[in-house]
Amino acid sequence: MEFLSQVRWSPYVVGAGIGILSWFTFLISNKPIACSTTFAKSSGIIEKLFRGEMVSKKPYYEKIKLDIDWQFMLVIGIVLGSFLSASLSGSFEAKWVPDIWAGAYGTNPLLRTAAAIIGGIFLGFGARWADGCTSGHGISGTMQLTLSSWISAISFFVGGIIMAQLLFRVLV
Amino acid sequence: MKKNAQLIWGLLFGIVFGFLLQKGGATQYDVIVSQLLLTDFTVLKIMLSAVVTGTIGIHFMRHKGWIQLHPKKGSVGKNVIGGLIFGVGFALLGYCPGTIAGAIGNGYLDAAIGGLLGIFLGAGLFAAYYPKLQDGILKKGDYGDVSLPQLFKVNDWLVVVPTVAVILILLFWLERIGL
């Protein structure tokens with residue numbers, strides 16, 4: 001079982017593993033792997049705590065429903081699975097500022113957190129606008145050969161590549 | 001009772017998914033941003049090998065009648081504009097919705113504190129604007145949930161086989177040029 005404590009596996013093994021995992025999510029749960037709706041539900045559930053029942057009457061929340069469903073549990077599972085893998089290999093680390101960010105913008109945690117918040121706003125907004133993310137469209141939708149997912153996945157990377165060039169090759 | 005069983009399956013599938021993402025390095029900001037900077041192709045290799053394995057298995061099982069597909073409906077206004085907005089966030093944050101969950105499990109505080117708050121705000125903002133967008137820009141250039149085989153009016157395998165072949169050639173080429 002030594003492989004479980006390795007820091008990294010080949011990306012091909014990991015990718016094939018995710019593909020095979022998809023077979024089972026379709027077979028057993030009749031669902032594709034996807035994540036981003038859970039963040040919209042969480043946002044609605046938190047807002048509901050502050051502003052009451054009226055929040056769940058918003059048209060978007062009536063559409064997606066503010067409940068704890070299969071995908072919500074999948075996302076919680078991702079946190080646990082990653083923690084398990086990182087712990088087994090000793091790569092769990094409490095870290096504020098990633099190396100590439102620090103190389104360009106310094107090690108100030110406040111600046112990095114501000115960028116993460118703004119990035120998160122775009123990501124959360126864009127994922128809902130496109131109706132999916134890198135997993136729902138990028139992996140599950142593309143493997144089903146859905147047109148909307150191929151177009152979304154390509155747009156994610158076009159937007160991401162342009163923005164990354166701006167952030168790390170033009171602005172600094 | 002059946003619903004609870006499915007919730008447990010969801011959790012178990014998530015644990016395996018998170019474990020794989022972490023082993024692949026996809027829970028790290030540096031790995032994801034290096035992909036967007038086109039200096040490290042780990043993320044693309046993971047995604048494309050998942051698509052190769054997945055698409056073969058899924059289409060096989062569908063032809064056997066074991067599973068149903070769940071295609072998402074879309075439009076140019078939805079997928080292109082939403083996708084580009086997502087991409088801006090993808091580069092700034094350095095995680096996506098699935099990998100941020102993994103990054104939190106990995107201990108990364110920029111993901112757990114900043115990123116999560118931002119995604120909640122962004123999703124909440126969309127929910128607030130949804131009534132205005134719903135029948136406007138989100139419907140522009142609507143193509144529904146059409147699949148590539150339906151679009152080209154061919155048998156599924158006539159798209160599956162060439163897609164898999166092109167991805168495999170691309171992956172061999174990436175290895176060949178040392179990326």
Side-chain angles (χ1 to χ4, degrees), chain A residues 9 11-12 14-19 22-23 26 35-36 39-40 43 60 70 73-75 77-79 81-83 85-86 92-94 96 98 100 112-113 116-117 119-126 128-130 133-135 139 142-148 151-152 155-156 159-160 163-164, chain B residues 7 10-11 14-15 18-20 22-24 29-30 33 36-37 42 45-46 49-51 53-55 57 67 69 71-72 74 79-80 82-93 96-98 101-102 105-107 109-110 114-115 118-124 126-127 130 146-148:
Chain A
W9 289 354
Y12 303 113
V14 169
I18 294 170
S22 293
W23 303 353
F26 271 95
C35 297
S36 60
F39 293 85
S43 176
Y60 193 68
W70 181 88
M73 298 303 286
L74 182 92
V75 173
I78 296 173
V79 180
S82 171
F83 176 72
S85 168
F92 180 88
E93 50 176 350
W96 270 110
I100 292 180
R112 172 56 198 149
T113 305
I117 292 174
I121 293 174
F122 277 96
L123 191 86
F125 191 79
R128 291 301 82 215
W129 187 305
C133 62
T134 342
S135 50
I139 295 180
T142 53
M143 72 170 64
Q144 295 179 73
L145 300 175
T146 312
L147 179 66
S148 69
I151 293 179
S152 300
S155 305
F156 296 158
M163 188 64 190
Chain B
L7 291 180
L11 185 71
I15 291 172
F19 196 95
L20 288 166
Q22 205 280 337
K23 285 281 179 257
Y29 172 98
D30 288 338
V33 167
L36 298 177
L37 289 170
T42 302
K45 288 175 188 173
I46 292 174
S49 6
V51 173
T53 335
T55 203
I67 61 161
L69 296 189
K72 291 184 189 240
N79 304 128
V80 175
L84 293 173
I85 298 171
F86 181 97
V88 169
F90 195 17
L92 251 178
L93 175 58
C96 55
N106 211 145
L109 298 167
D110 57 336
I119 298 179
F120 288 162
L121 289 173
F126 182 81
Y130 179 69
V146 69
S147 71
L148 299 177

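Chain letters run A, B, ... following the sequence lines, proteins first, then strands; residues in each count from 1.
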Counting heavy-atom pairs under 4.5 Å to chain B, which of [options] comes out on top?
options                                  : result
Ala40(A), Ala86(A), Ser22(A), Cys35(A)   : Ala86(A)
Gly159(A), Ser82(A), Ala130(A)           : Ser82(A)
Thr142(A), Thr113(A), Leu145(A)          : Leu145(A)
Thr134(A), Leu74(A), Ile18(A), Thr146(A) : Leu74(A)

Treating [X] as the side-chain partner and [Y] as the backbone partner, does any N or O pair qualify as donor plus acceptor under 3.5 Å?
X         : Y        : result
Ser43(A)  : Phe39(A) : no
Lys23(B)  : Ser85(A) : yes
Trp129(A) : Leu84(B) : no

Residue pair [X] / [Y]: nearest heavy atoms and the distance that separates them:
X         : Y         : value
Leu36(B)  : Ala91(B)  : CD1-CA, 3.6 Å
Ile78(A)  : Ala101(B) : CG2-CB, 3.7 Å
Lys45(B)  : Tyr12(A)  : CD-OH, 3.3 Å
Gly54(B)  : Met143(A) : CA-SD, 3.6 Å
Phe122(A) : Ile85(B)  : O-CG2, 3.5 Å

What option among [options] has the most heavy-atom pairs under 4.5 Å with chain A?
options                                   : answer
Ala123(B), Gly122(B), Gly115(B), Gly24(B) : Gly122(B)
Gly87(B), Gly57(B), Gly102(B)             : Gly87(B)
Ser147(B), Cys96(B), Gly74(B), Gly83(B)   : Gly83(B)
Leu37(B), Val33(B), Leu148(B), Leu7(B)    : Leu37(B)
Val51(B), Leu93(B), Thr42(B)              : Leu93(B)
Leu20(B), Leu121(B), Leu69(B)             : Leu20(B)

**Prompt:** So which part of Ile67(B) gets closer than 4.5 Å to some heavy atom of chain A, the side chain, the backbone, both or neither?
**Reply:** side chain
**Asked** Checking Phe86(B) against chain A: side chain, backbone, both or neither under 4.5 Å from a heavy atom?
**Response** both
